[in-house]
Amino acid sequence: MGRNDYDDDDYYDEEEEEQREMTAEERAQMKSGLKATRDVLGTVPGLTDAEIEESLYYYYFDVEKTINYLLNKYAKSMPKKPKPAAAPAPKAKASTYSSGYFAGFFADTPWGGVPEDRLSKMIPPTVLPGSTGLLGGSSKLAELARKRKEAAAAKAAAAEAAAATEPQAQKASVSLLSKLSQKKSPKSEEPRMLKSVSPPATSPPTASPACPASPALPVTTPPRTAGPVQPVAIPVVPVAIPSAPGKEPRTKEDLDQPTLDTKPKSAALSPPQSPMELELPFSTPPAPNSFFASTFFGGRIALEPPNDVADGFKLFAAAAEKTKGFKGPSPDDTVQQAQSGSKGLNKGAPAAAKSPDADVKKIEKDVDTMRIDTAPAKDQKDKIDVLKAWKESTEKQVVNFVVVGHVDAGKSTLMGRLLYDTGAVAERTLQKFRKESEQIGKGSFALAWVMDSTDEERERGVTIDIATSHFSTPKTHFTILDAPGHADFIPNMIAGASQADFAVLVIDSSPNAFEAGFHRQGQTKEHTLLLRSLGVKKLVVAVNKLDVTNWSQDRYLEILQQVEQFTLNAGYRRENITFVPLAGLSGINVIHPLGPDAAALTAWYSGPTLLEALETATSTGEADRAVDKPLRLILTDVFRGSIQNPVSVSGRIDSGHLQAGDEILCIPSKQLATIKSLSINETPAQWAVAGHNVVLNLANIDPIHLRVGDVVCDKNWPLEPKERLTMKLLAFETLLPMSVDVHKGRLHAPGEVKVLLETVEKGTGVVSKIRPRVVKAGELARVGVMVQVEHGVPIETGDKVVLRSRGVTVAAGVVE
Ligand SMILES: Nc1nc2c(ncn2[C@@H]2O[C@H](COP(=O)(O)OP(=O)(O)OP(=O)(O)O)[C@@H](O)[C@H]2O)c(=O)[nH]1
């Protein structure tokens with residue numbers, strides 16, 4: 001067995017673990033942890049240093065968890081006034097994840113090397129009230145969210161008024177959380193975070209650190225009376241769009257709050273404002289910087305190592321959770337379920353999902369239909385030489401791109417403009433939206449509505465999937481991938497990015513807006529980095545809203561320099577990045593550079609328009625396509641095309657090619673099917689190659705064998721479904737043996753990080769530690785992941801996979 005292999009018994013050896021000597025690093029951690037714990041707890045009768053050390057060891061030197069545990073254990077003997085827990089968290093030791101740490105992880109990714117002055121503070125995408133747009137909610141969604149928010153606020157106000165007049169009624173209606181906020185007795189001022197998680201019932205158990213005996217977190221239990229919020233306990237519900245109504249967006253100060261803050265977070269303890277919040281025991285609390293963000297920026301600002309108090313809560317949450325899977329649906333499961341349950345999604349749900357009480361006539365009809373659902377596979381001699389046909393083809397090339405950027409950067413408006421100016425949207429439609437948007441005093445959103453209006457997704461009320469819009473030029477058929485919605489942002493983005501040839505990064509150049517999107521709580525950097533780690537190599541950077549700066553060349557260059565430096569450090573090659581100054585609202589330099597209004601721009605700019613940049617990114621994209629590799633197509637939908645086509649599937653061909661009459665293999669069901677006919681972007685076709693978005697009408701297969709996320713492949717080059725994956729990955733968060741969601745494009749499966757095989761040194765690839773107990777954020781490692789899906793998942797060597805846990809991206813890497 002190779003050193004990277006693992007099997008069912010491959011857990012840590014408890015005895016061996018207990019007997020082994022501590023390393024120098026561990027001894028140092030022990031020393032600083034002991035001091036930090038004592039600093040917070042002070043002298044507690046009966047609490048010895050040995051016990052603190054034992055607890056620290058058990059909790060992987062995590063000070064916060066240790067304190068949590070000891071506080072609970074010695075609650076009774078604690079002095080009345082414990083040391084203010086709001087005191088600054090024990091200073092993390094200097095991070096080893098300095099800039100340049102990640103160099104070499106992605107072959108062409110010079111991670112790090114970010115100059116000091118460019119170091120920035122990043123946060124996960126913020127849920128801003130009413131925020132809208134691509135990868136962040138459409139304008140219509142914003143409207144929906146706003147209305148919901150208003151309704152919720154009105155309801156809350158009414159409840160408050162009623163409560164003021166009738167205390168008894170208040171008592172009955174007020175939620176547990178509001179009770180908590182009312183009980184702000186001195187006692188409740190005790191360090192709440194410290195009490196947030198129940199430690200093991202007795203003394204630190206001697207169970208294997210890999211399989212802590214601590215109980216699983218009470219996933220569904222509401223907080224106890226004096227208990228704090230449990231940020232990790234509740235799955236994200238996609239419809240819980242706004243943060244606490246009326247609450248200001250998070251400030252930098254919020255984010256800088258030490259975790260040991262004794263003050264209850266107002267978002268967590270304020271009375272619920274809506275029925276949704278009554279269900280959820282907390283509003284999204286201000287989160288500390290994610291390690292994902294910290295990892296990439298190598299900054300001093302947020303790079304506490306995992307044993308630091310500030311991140312200990314998260315680590316404890318992960319460790320305390322049973323490694324045998326989530327107790328209920330994982331956050332990403334919740335998102336997926338919400339998506340699947342939405343009206344209209346997966347129009348043709350597999351027959352297996354139908355009720356057994358289906359109408360007999362319907363069954364007969366289906367049987368009849370199945371009779372025509374047979375198609376002979378083509379003889380070899382009838383086959384088209386697809387590669388030859390493709391090379392000789394004068395057909396338009398087909399290209400997908402995903403649009404990202406900070407909230408309000410103007411993504412929807414810009415894409416609306418593109419659709420309108422290229423003729424994909426009729427003048428009449430725009431007029432209609434102008435009128436409608438003006439009626440609600442938001443005339444400037446008309447173009448953004450164009451973007452939303454082109455897809456039936458918005459008809460469903462909530463955009464629940466990746467929406468697509470199309471436009472064409474004489475040479476190219478473009479598909480815009482739009483994955484709106486905040487709560488399900490990352491899974492959708494993973495799916496969107498996995499289908500994209502390149503990305504358009506939209507930047508708001510107006511004063512302070514660029515800085516907000518790029519430096520502070522902005523999403524610009526996080527989007528860009530996540531895209532890169534998902535394999536997107538090309539960027540078109542749209543420096544938008546330059547009209548606001550009077551087409552200032554200086555402003556354009558200032559932005560260009562900063563973004564260029566950042567993207568190069570993030571692993572993009574200079575030749576794959578194109579900057580375009582423009583204004584989506586007026587349309588200057590989107591597809592037309594000229595005109596009287598453009599004089600201020602053309603005075604100093606003679607580069608490409610946005611459309612030209614898209615075409616250029618496209619042509620370089622062709623070379624990347626694996627047209628002559630084995631066929632791989634991940635299903636994005638399974639549906640009933642028509643009576644003649646009872647089983648249809650859609651997706652983008654990742655590699656290889658296919659043609660009508662081909663016999664294909666569906667994985668993981670391992671069922672063969674025949675392609676009766678196909679279409680590319682709704683146009684009937686005889687063949688298709690990598691990069692094409694196709695609908696395949698299948699014969700000789702029961703739809704019960706087909707699921708979204710399955711892979712269609714060449715029967716002669718089958719893909720073996722895997723239950724165990726060995727991954728080389730970059731950890732964005734502390735990684736332990738823990739439950740995770742495994743994402744590859746649309747594929748989404750529950751799994752478990754089963755064994756940490758080794759950590760690997762940057763650049764050199766030399767193994768730095770075998771069987772580490774944890775992989776810290778920022779470390780490169782090889783890990784074994786077990787997928788908890790019958791028959792395994794269609795993932796193969798070389799695939800890029802993202803691991804998420806409790807709605808947070810914890811690692812991304814390549815399957816070995
Ligand atoms: N002056 C000016 N304003 C613009 C331009 N493009 C967009 N805007 C305005 O910026 C605001 C936000 O535009 P959206 O297109 O909704 O931005 P978005 O990035 O899609 O927003 P989210 O979906 O919230 O992320 C709207 O009021 C637009 O009218 C532009 O080129 N110039």
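As the structure lists them, so they are numbered: ligands from 1, and atoms in each ligand from 1. What you see below is based on every heavy atom in this structure, not just the backbone, and it leaves out hydrogens, waters and symmetry mates.
- With R804 contributing its side chain and D741 its backbone, the two residues share no donor-acceptor pair below 3.5 Å.
- Remark: ligand 1 atoms within the under-4.0 Å shell around heavy atoms of A583 are 31 (O).
- Ring-plane geometry between F478 and F401 is classed as perpendicular, the angle between the planes exceeding 60 degrees on a 0 to 90 degree scale with a lower cut at 30.
- Remark: ligand 1 atoms within the under-4.0 Å shell around heavy atoms of V548 are 1 (N).
- Side-chain atoms of T476 do not come within 3.5 Å of backbone N or O of T473 as any donor-acceptor pair.
- Interface atoms of ligand 1 facing D547, defined by a heavy-atom separation under 4.0 Å, are 1 (N), 2 (C), 30 (C), 31 (O), 32 (N).
- At a threshold of 4.0 Å, the pair D501-R652 counts as salt-bridged, since one of the basic side-chain nitrogens sits closer than that to a carboxylate oxygen.
- Between V504 and V402 there is no side-chain heavy-atom pair separated by less than 4.5 Å.
- For ligand 1, the polar-atom distance check finds an N/O of G410 within less than 3.5 Å of one of the ligand's N/O atoms.
- E612 and K475 are not joined by a salt bridge, as no carboxylate oxygen comes within less than 4.0 angstrom of a charged side-chain nitrogen.
- Close approach of ligand 1 to N544 is summarised as follows: ligand atoms under 4.0 Å from at least one heavy atom of the residue are 6 (N), 31 (O).
- Taking a cut-off of under 4.0 Å to the non-hydrogen atoms of A409, the atoms of ligand 1 that pass are 19 (O).
- Checking only distances, S586 never comes within under 3.5 Å of ligand 1, N or O to N or O.
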